[in-house]
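Inspection log for the structure reproduced underneath, given as structure tokens.
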Amino acid sequence: MRAADVLRLVSGALQDLEPGLESRWAWTGGDDDSIGLLDFMNAAVQSVALQRPDVCAVTECILLVPGMRQSLPRRRVNGSSRDARFLIELIRNMGPDGEHPGPAISSVSSALLLAWARYPAESVLVENFAYDRVTDPNVYWVYPAVPERPEVWVEATYSAAPEHVVSPEQEFPLPDEYAEAVKHHMLASVLGGDNESGNAGRAAYHMQIFSSLMGMKLSVDAGWPRVRSSAAPGGNA
């Protein structure tokens, strides 16, 4: 799906595709810094990604830094392909080169892991991690602490920022099933503005639909059957 597919639906809902008439809302902004529908799309995509960090999830090997305290994956520091906004989980150890799958890594509470810090230990195998997105979304902790040498790689899943859309010909930056929610968020933003298209009642209606669609998707995903692995903990699966 292209960004243009969603933009066309929004323009149609705004009755902005009438033949022979100039559009009130251009898809791209002008040279005079005027706003276009792509700006509203990027804002809507950001709103979805903040509510559902999993829609921009990346799973790959990252390099840990020495010690227990770790920062969110960064390309220049951790060898990740993108800069992370939130951590989702650490999955398993990947050896000194990121190519040798090892034992799984379990999540524990921050309070428990920091209590263990009173008994210092270092290991090339990470056993546990703790992450509290509310207290500090930029930091997580591992135990035992990572030594200076050798390097320690783990497989991790994190949420990255969605791609910024600058052209209608770009791919829609979220899974296709979020296109409808993005459309309604865009319509709420346009209709809630202080302009000739402003309509507070309709804006509230579209924002309500956006919230409903997001809640419905969350409920469906939460109830979806999950396959349980038959591999033994710490195996090389």
Side-chain angles (χ1 to χ4, degrees), residues 1-60 73 75 80-86 88 157-226:
M1 172 182 284
R2 297 178 306 154
D5 297 322
V6 180
L7 293 170
R8 188 172 291 106
L9 293 174
V10 173
S11 292
L14 293 171
Q15 298 181 350
D16 213 12
L17 293 177
E18 298 295 330
L21 296 180
E22 183 179 356
S23 297
R24 292 169 297 165
W25 287 98
W27 286 4
T28 57
D31 295 333
D32 56 352
D33 290 331
S34 59
I35 196 168
L37 289 183
L38 276 178
D39 297 298
F40 289 112
M41 172 178 284
N42 284 311
V45 166
Q46 288 286 349
S47 181
V48 171
L50 286 173
Q51 294 186 45
R52 293 294 305 270
D54 55 297
V55 301
C56 298
V58 178
T59 298
E60 63 185 4
R75 283 172 285 192
S80 56
S81 61
R82 299 171 67 181
D83 291 339
R85 293 205 302 179
F86 306 109
I88 297 177
T157 300
Y158 61 87
S159 177
E163 296 290 341
H164 192 76
V165 184
V166 297
S167 167
E169 299 306 313
Q170 272 184 246
E171 288 293 312
F172 184 62
L174 300 178
D176 291 356
E177 56 264 33
Y178 288 96
E180 186 72 4
V182 167
K183 181 192 80 172
H184 285 286
H185 192 288
M186 292 173 64
L187 287 169
S189 298
V190 172
L191 295 170
D194 184 17
N195 51 59
E196 62 179 9
S197 300
N199 186 317
R202 288 182 62 195
Y205 166 76
H206 285 291
M207 188 55 72
Q208 183 177 12
I209 294 180
F210 167 78
S211 299
S212 177
L213 289 171
M214 292 297 295
M216 187 183 306
K217 186 69 170 65
L218 181 61
S219 297
V220 170
D221 290 348
W224 194 259
R226 298 179 181 225

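We count residues from 1, following the sequence as given. Keep in mind the model is a prediction, meaning the values are calculated, not measured.
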Flag the pair [X] / [Y] as yes when at least one side-chain heavy-atom distance between them is below 4.5 Å, and no otherwise.
X      : Y      : answer
Arg52  : Met214 : yes
Arg75  : Ser81  : no
Val182 : Val10  : no
Ser11  : Leu37  : yes
Met186 : Val6   : yes

Minimum heavy-atom distance [X]-[Y], with the two atoms named:
X      : Y      : value
Ser167 : Leu38  : N-CD1, 3.8 Å
Ala179 : Met1   : CB-SD, 3.7 Å
Val45  : Phe172 : CG2-CE1, 4.4 Å
Arg85  : Gln46  : NH1-OE1, 3.0 Å
Tyr158 : Pro73  : CD2-CG, 4.1 Å
Ala160 : Val58  : CB-CG2, 4.3 Å

**OP:** Given side chain to side chain contact (heavy atoms under 4.5 Å, CB included), test Leu187 with Phe40 step by step and report yes or no.
**Re:** CA-CA 9 Å; Leu187 287 169; Phe40 289 112; over 6 Å; no
Using 0.5 Å steps for rounding, measure from the [atom1] atom of [X] to the [atom2] atom of [Y].
X      : Y      : atom1 : atom2 : result
Met41  : Leu174 : CE    : CG    : 9.0 Å
Thr59  : Ile88  : OG1   : CD1   : 7.0 Å
Ile35  : Trp25  : CD1   : CH2   : 6.0 Å
Leu14  : Leu9   : CG    : CG    : 11.0 Å
Glu163 : Cys56  : CD    : SG    : 8.5 Å

- request: Decide, yes or no, whether a salt bridge links Arg2 with Glu171 under the criterion of side-chain N to carboxylate O below 4.0 Å.
  value: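 Salt bridge: no.
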Item checked: Audit row: Lys183, Glu180, side chain to side chain contact (heavy atoms under 4.5 Å, CB included) steps and yes/no -> CA-CA 5 Å; Lys183 181 192 80 172; Glu180 186 72 4; 3.2 Å; yes
With distance as the sole test, does [X] use its side chain to make a donor-acceptor pair with the main-chain N or O of [Y] at under 3.5 Å?
X      : Y      : value
Asn199 : Arg202 : yes
Asn42  : His164 : no
Gln51  : Val48  : no

Note to self: Set out, in order, the CA-CA distance, both residues' side-chain angles and the distance that settles side chain to side chain contact (heavy atoms under 4.5 Å, CB included) for Val55 and Ser159, then state yes or no.
What the structure shows: CA-CA 8 Å; Val55 301; Ser159 177; over 6 Å; no
Q.
Quick one, His184 with Met207, criterion side chain to side chain contact (heavy atoms under 4.5 Å, CB included). Give me CA distance, side-chain angles, the key distance, then yes/no.
A. CA-CA 6 Å; His184 285 286; Met207 188 55 72; over 6 Å; no
Quiz item: Within a radius of less than 6.0 Å around CD of Gln170, do more than 12 heavy atoms belonging to other residues, nucleotides or ligands occur?
Solution: yes
